[in-house]
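The sequence lines fix the lettering, A, B, ..., with proteins before strands; numbering per chain opens at 1.
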Amino acid sequence: MEPQKAQRGIIPQKIKGFRDIDPALNQLRAHIVEKASQVYARYGFEKWDTPVLEYADALGKYMPDTATVEEGVYSFQNPEAEPVLDSRGKEMSDHEDKVIMEHHHLALRYDLTAPLARVYAERLWMKHLRGQVSTANPPLFRRFQHGPVYRYEIDLDPGRFREFWQLDFDTVGSADVAADAEVCMVLSQALEAIGMPRETFQVKVNNRKVLKGLLRGLGVLDDSRERDILRVIDKLDKVGLEAVRQELGAGRVEKSGAPIAGLGLPEALVEAVGAFFVAFEQALPREQTLARLDELLPQEPVAREGLDELRRIHELLAAAGFDDSRARLDPTLVRGMAYYTGPIFEVESLLTVPGKKGQRRKVGAICGGGRYDSLVERLLGFKVPATGASIGVDRLAELLVLSGQARPKATGPALVVVFDEAMMPEYQKLAAEIRAAGLPAEVFYGAAKNLKKQFAYADERDCPVAVMLGEDELAKGVVTVKDLVKGRQSQDIQDKDQWRREVQFEVERAGLAEKLRQMLLR
RNA sequence: GCCCAGAUAGCUCAGUAGGUAGAGCAGUAGAUUGUGGUUCUAUUGGUCGGGGGUUCGAAUCCCUCUUUGGGCACCA
């Protein structure tokens, strides 16, 4: 596709769906990751990092036989040819006994869970071959991980990116419901540690077995049918019960005129499903939710098993001091992903964000997770139970900024003003003194050294203070400190000299660090 | 992939009986050659998203592509 009319240009620009992260956002992101990680670690999870690039086969589901980018994954062929291995890990040969070489398909990771499965399976591979591990004795593995993941989204909604961060924690190798209860505790505590007050979010728990059991009781036995129904129900809080009813039945027509095909379920089934969700429209205390589930759920074994698990989760949460305000049972929770097999989790933000036309916009889920059995199965051939959850770092950061919980502005260092280039050694010494006290300091290195520029730079960087040292100060053994924060606030003073007198003062060189410390800690 | 609405200066936008463009903010410079904010003055910025068509003439009308926003579908 050569441009025909003009020479192809080189335009400096980002790939669509990718972002530059400025210092302010980086600071916020680091805060989120650090606080949540501390909580994860306090529960015993250990931090792992894995490569962003993996063999496409290992990531699963996705098996490209062409070189095209499809299915939402960035992939390409390895420029390096490598041997093809058989299922026992041995190099395969052709009829001339030559090792078969291939350029394997590689893919950027699309989440952190698939690489987790690979790490876990890779560590067990030899034992697996020797038959020393099986579904009866999977080792316990608890790790947390954060970093960028990549998805080739065709349509980019606002707030959706092709590179974004996740912050996961998972327990692999335990089928104990206690591990699921713990997920709720970790999520709740992590968000509080990040600085979200308890009343601004809600941890919600449900169980896929409950939903499965409900549908079975109503005669839905087919898995793909079940998935279709769950997908519609997942939209409940978005479109409302009536719309869900219609979509389960004959379908409906969107306000915009777009028709939405219905599943065409029989009237009686739609009504039964609708009735169940009406019963849980209002948030109830966990005890009451359990009691009502007990009444409404059919005597299907799956349903009862799911209910027992929820009951157990409630017990354990209560024992650990997590009451209704910190985690709630929500039988209407579905979650989109198909691979969940047991308890599922979601954190909904209760903060609203001012929309374009002044209306309040709700932000969706900021965390999600659940139990999944089969992720490792594809790699090792037997089921390994696992449960965990993930914080959507970027979505949370955006939420904090938009809702006014965090200000998106990085604070700059103390700026050492350069009066006279000849005194540069003195400025370096001064900056070193400030840094030695553990405070950030920067000497001005810009091209134009007039003071106006230097202060404009300090203002732009949001520096809290500027430190000035000229011949006068040097002779007196002092430095002049300018309080830029106060200066920014004193907009009512119009007289230049008076304004200056208000915001700057001389300090003995020896007491400078202490004075700056006081100012920076405000 | 579908429906709707946009694309004009760095940003937010104005600009219809079709006659090659304006405002506010930002930027730059000065008042203030040892000073950011505030105030005042001057001033730089635009192939009006790309291409094609209608016309003597198009930011304005038509077609098309690209792109942005709002809905929907999809989301391992």
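Side-chain atoms of A:Glu473 and base atoms of B:G34 include a donor and an acceptor less than 3.5 Å apart. Contact annotation: side chain of A:Lys453 to base of B:G36, donor-acceptor pair absent below 3.5 Å. In the interface, the side chain of A:Lys496 is not paired with the base of B:U39 through any donor and acceptor atom under 3.5 Å apart.
Using Watson-Crick or G-U wobble geometry with both donor-acceptor distances under 3.5 Å, B:A29 finds its partner in B:U41. Base pairing annotation: B:U35 forms no Watson-Crick or G-U wobble pair, as no partner gives both donor-acceptor distances under 3.5 Å.
Nucleic acid contact class of A:Val417 (heavy atoms, under 4.0 Å, all strands): none. Heavy atoms of A:Gln504 sit under 4.0 angstrom from at least one base atom. Within the nucleic acid shown, A:Asp472 comes within 4.0 Å of at least one base atom, counting heavy atoms only.
Annotation: B:A14 and B:A59 have their C1' atoms spaced 12 Å apart (nearest Å). Between the P atoms of B:C75 and B:U68, the separation comes to 23 Å (whole Å). Taking atom C1' on both B:C48 and B:G6, the two are 14 Å apart, rounded to the nearest angstrom.
A stacked arrangement is not assigned to A:Tyr457 and the six-membered base ring of B:G36, the conditions of a centre distance below 5.5 Å and an interplanar angle below 30° not being jointly met. Under the stacking definition used here (centres under 5.5 Å, planes under 30°), the residue A:Trp499 qualifies as stacked on the base of B:G37.
Relative to the side chain of A:Arg231, the nucleotides B:U38, B:U67, B:C74 differ in distance, and B:C74 lies closest. The side chain of A:Tyr339 lies closest to B:A76 when the candidates are B:U38, B:U35, B:A76.
A donor-acceptor pair under 3.5 Å is formed between the side chain of A:Arg435 and the backbone N or O of A:Ala441.
In this structure, B:G52 shows a glycosidic angle more than 90 degrees from zero, which is the anti conformation.
Note on A:Lys452: a side-chain N or O is less than 4.0 Å away from OP1 or OP2 of B:G36.
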